[in-house]
Amino acid sequence: MAANAGRRLLQHYVDNFRHLPWRSPPGEAPPDPYRVWLSEVMLQQTTVAAVAPRFERFVSRWPTVGALAQAPEAEVLGEWAGLGYYARARNLIACAREVATRGRFPTDEPGLRTLPGIGEYTAAAIAAIAFGRDTSPVDANVERVIARVHGLPTTERAPIRARFAEMAPPGRCGDFVQAMMDLGATICRPRAPLCAQCPLSEGCAAFASGSPESFPQRKPKQPRPLRFGVAHWIERDAAVWLVRRPAKGLLGGMAALPGDDWSGPDAPANAMTQVTHVFTHFELRLSVVAKAEPEGEGWWHPIADLGGAGLPTLYRKAAGALMAKRASLAAAA
DNA sequence: CATCCGTGGCA
DNA sequence: TTGCCAAGGAT
């Protein structure tokens, strides 16, 4: 019976509870909605290991949604640098300002859903975890666990939600969804699930089938084209010229090295160094080319403090490669 | 509904 | 090494 399986999973979560900075121990008072919201947004398509240290930094810098609402946009984007999917950070700022204007977070799913950066899953998760609502947050973990338990080949949303609602112990939805997340991350993994340790293996259709990893069906992968781009290294008085990328699109709003639009036919011959970086839907070979004078809007940033420039990973890698190249040339001379 | 949007870890 | 995949949202 689904409800029994749900209670078993919740008990497994309680018995194996692992503390995370944004969590409250099961059964205790829910965490600050600000922390729940921030962690949920940070965790979108991002691993716990990557988020944990960044979450602590973020919260110590901006302890409340009001403080975040007053922060300069460039500083928030800089703090987000390296976490990826930068629209999240832009929406985070807009959301914080909206909440600060309203005075507090909406406490139900429809209200949360109206805020920027809060979609179907995140609204349901915040409503459950921060406000004790009985919702059905369906993310990739919930999809996978439920598809396996019930032997569903696909991840259609409606049946998954219905099964989740059957399983979730009433009034414990917040802990239960986190139990699902933990199970999906540590036991019911995409590959090589640890069924011998799983509290749901009894009665699991995928386990009974003998090949649990084949549920649900994988989506076909798309080819990733290779693109060539140029970044300009413009240096003066131990500082390098940085620019702000356009507000929308790839790396939108982030600090960057100036350069072209990455539509070159191949790598230029005069590059000092180059790096390869993999984005979601293409791969970029970025050549770093020396240039004498800056053009347009930008600012000088001390080379000794490049780590504090708030550069996304692509440009952090490019700058790092250049410094390494320079060091090797100096050693040879 | 399909596409766009980052990054790092791991097998 | 290459490919896979993650606590999704906006358009």
Side-chain angles (χ1 to χ4, degrees), chain A residues 13 18 20-23 31 35-55 77 80-92 94-95 112-130 135-145 155-157 164 173-186 188-193 213 216 218-227 245-254 256 262 275-284 286 311-317:
Chain A
Y13 176 70
R18 52 170 186 155
L20 295 172
W22 49 86
R23 270 187 182 164
R35 297 172 68 90
V36 175
W37 163 68
L38 178 60
S39 64
E40 284 297 333
V41 174
M42 274 194 181
L43 285 162
Q44 288 167 3
Q45 301 288 285
T46 309
T47 59
V48 166
V51 166
R54 308 300 298 268
F55 178 85
L77 291 174
W80 199 275
L83 276 172
Y85 285 143
Y86 298 99
R88 293 185 295 170
R90 302 193 298 270
N91 286 327
L92 196 79
C95 183
L112 289 160
R113 189 68 184 74
T114 66
L115 292 167
I118 299 183
E120 185 179 35
Y121 161 77
T122 304
I126 296 173
I129 296 170
T135 64
S136 299
V138 176
D139 77 316
N141 289 298
V142 173
E143 280 183 356
R144 186 171 60 256
V145 171
T155 57
E156 284 178 78
R157 195 50 59 90
F164 182 96
C173 200
D175 288 331
F176 185 73
V177 66
Q178 293 179 88
M180 277 272 188
M181 304 299 182
D182 276 13
L183 189 78
T186 63
C188 195
R189 307 179 297 191
R191 289 173 296 191
E213 69 283 351
R218 303 278 210 281
K219 296 157 194 167
K221 57 177 180 183
Q222 295 141 4
R224 190 143 48 196
L226 175 63
R227 294 170 61 178
R245 289 181 61 86
K248 295 181 178 180
L250 192 70
L251 308 179
M254 299 299 290
W262 306 348
V275 294
T276 297
H277 189 71
V278 179
F279 291 102
T280 304
H281 56 290
F282 67 95
E283 185 173 334
L284 177 67
L286 185 68
L311 293 173
T313 300
L314 168 67
Y315 295 109
R316 188 178 52 74
K317 279 163 68 174

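All of these numbers come straight from a predicted model, not from anything done at the bench. Protein chains get the first letters and strands the later ones, always in sequence-line order, with residue 1 at the start of each.
Across B/dC4 and C/dA7, the matching P atoms stand 23 Å from one another, rounded to whole Å. Rounded to the nearest Å, the gap between the C1' atom of C/dT1 and that of B/dG8 is 16 Å. As rounded to the nearest Å, C/dT11 and B/dG6 have P atoms that lie 14 Å from one another.
Between the A/Arg23 side chain and the A/Arg18 main chain, a donor and an acceptor come within less than 3.5 Å of each other. Checked by atom type and distance alone, the side chain of A/Arg144 never pairs as donor or acceptor with a backbone atom of A/Pro216 at under 3.5 Å.
Judged by closest nucleotide on DNA chain B, A/Leu251 is the one of A/Ala49 and A/Leu251 placed further toward the 5' end. Nearest-nucleotide positions on DNA chain C place A/Thr47 closer to the 5' end than the other of A/Leu115 and A/Thr47. Residue whose closest nucleotide on DNA chain B sits further toward the 5' end, between A/Gly252 and A/Arg191: A/Gly252. Taking the nucleotide of DNA chain C with the nearest heavy atom to each of A/Pro116 and A/Trp22, the more 5' of the two is matched to A/Trp22.
Taking atom CG of residue A/Leu38 and atom C1' of nucleotide C/dG8, one finds them 16 Å apart after rounding to whole Å. Taking atom NZ of A/Lys219 as the reference point, atom P of C/dC5 lies 10 Å away to the nearest angstrom. Atom CD of A/Glu143 is separated from atom C1' of C/dA7 by 12 Å (rounded to the nearest Å). Distance CH2 (A/Trp37) to P (C/dG9): 14 Å, rounded to an integer number of Å. The CZ atom of A/Arg245 sits 9 Å away from the P atom of B/dG6 (whole-angstrom rounding). Counting to the nearest Å, the C1' atom of B/dT3 and the CD atom of A/Gln222 are 8 Å from each other. In this structure, the CG atom of A/Leu314 is 11 Å from the P atom of B/dG6, given to the nearest Å. Atom pair A/Tyr85:OH and B/dG8:C1' shows a separation of 12 Å (rounding to whole Å applied).
Between the side chains of A/Tyr315 and A/Arg245, at least one donor N or O sits under 3.5 Å from an acceptor N or O. Using a 3.5 Å distance cut-off with no hydrogens or angles, the side chains of A/Gln44 and A/Arg88 do not pair a donor with an acceptor.
Within the nucleic acid shown, A/Gly82 comes within 4.0 Å of sugar-phosphate atoms alone, with no base atom in reach, counting heavy atoms only. Across all strands, A/Val278 comes closer than 4.0 Å to base atoms (heavy-atom distances). Among the heavy atoms of the strands lying under 4.0 Å from A/Thr122 are primed sugar atoms or P, OP1, OP2 only; no base atom is included. Nucleic acid contact for A/Ala140: sugar-phosphate only, since backbone atoms but no base atoms lie under 4.0 Å from a heavy atom of the residue. Within the nucleic acid shown, A/Arg23 comes within 4.0 Å of at least one base atom, counting heavy atoms only.
Candidate nucleotides C/dA10, B/dG6, C/dA7 were compared by shortest atom distance to the side chain of A/Phe279, and B/dG6 ranks first. Comparing B/dT7, B/dG6, C/dA6 by their nearest atom to the side chain of A/Thr280 picks out B/dG6. Looking at the side chain of A/Tyr121, the nearest of the listed nucleotides C/dA6, C/dG9, B/dC5 is C/dG9.
Between A/Thr46 and B/dG6, a side-chain N or O to OP1/OP2 separation shorter than 4.0 Å is absent. In terms of phosphate contacts, A/Arg189 brings no side-chain nitrogen or oxygen within less than 4.0 Å of OP1 or OP2 of B/dA11. Of the side-chain N and O atoms in A/Arg218, one or more sit less than 4.0 angstrom from OP1 or OP2 of C/dC5. Residue A/Gln44 places no side-chain N or O under 4.0 Å from the OP1 or OP2 atom of C/dA7. OP1 or OP2 of C/dG3 has not a single side-chain nitrogen or oxygen of A/Lys221 nearer than 4.0 Å. OP1 or OP2 of B/dT3 has not a single side-chain nitrogen or oxygen of A/His281 nearer than 4.0 Å. In this structure, A/Tyr86 reaches the B/dT7 phosphate: one of its side-chain N or O atoms is under 4.0 Å from OP1 or OP2.
The aromatic rings of A/Trp262 and A/Phe279 lie parallel to each other, their planes meeting at an angle below 30°, with 60° marking the opposite boundary.
Here A/Glu143 pairs with A/Arg157 in a salt bridge; the nearest charged N to carboxylate O distance falls below 4.0 Å.
Using a 4.5 Å cut-off on side-chain heavy atoms (C-beta onward), A/Met180 and A/Tyr13 make no contact.
Not a single donor-acceptor contact under 3.5 angstrom links the side-chain atoms of A/Thr313 to the base of B/dG6.
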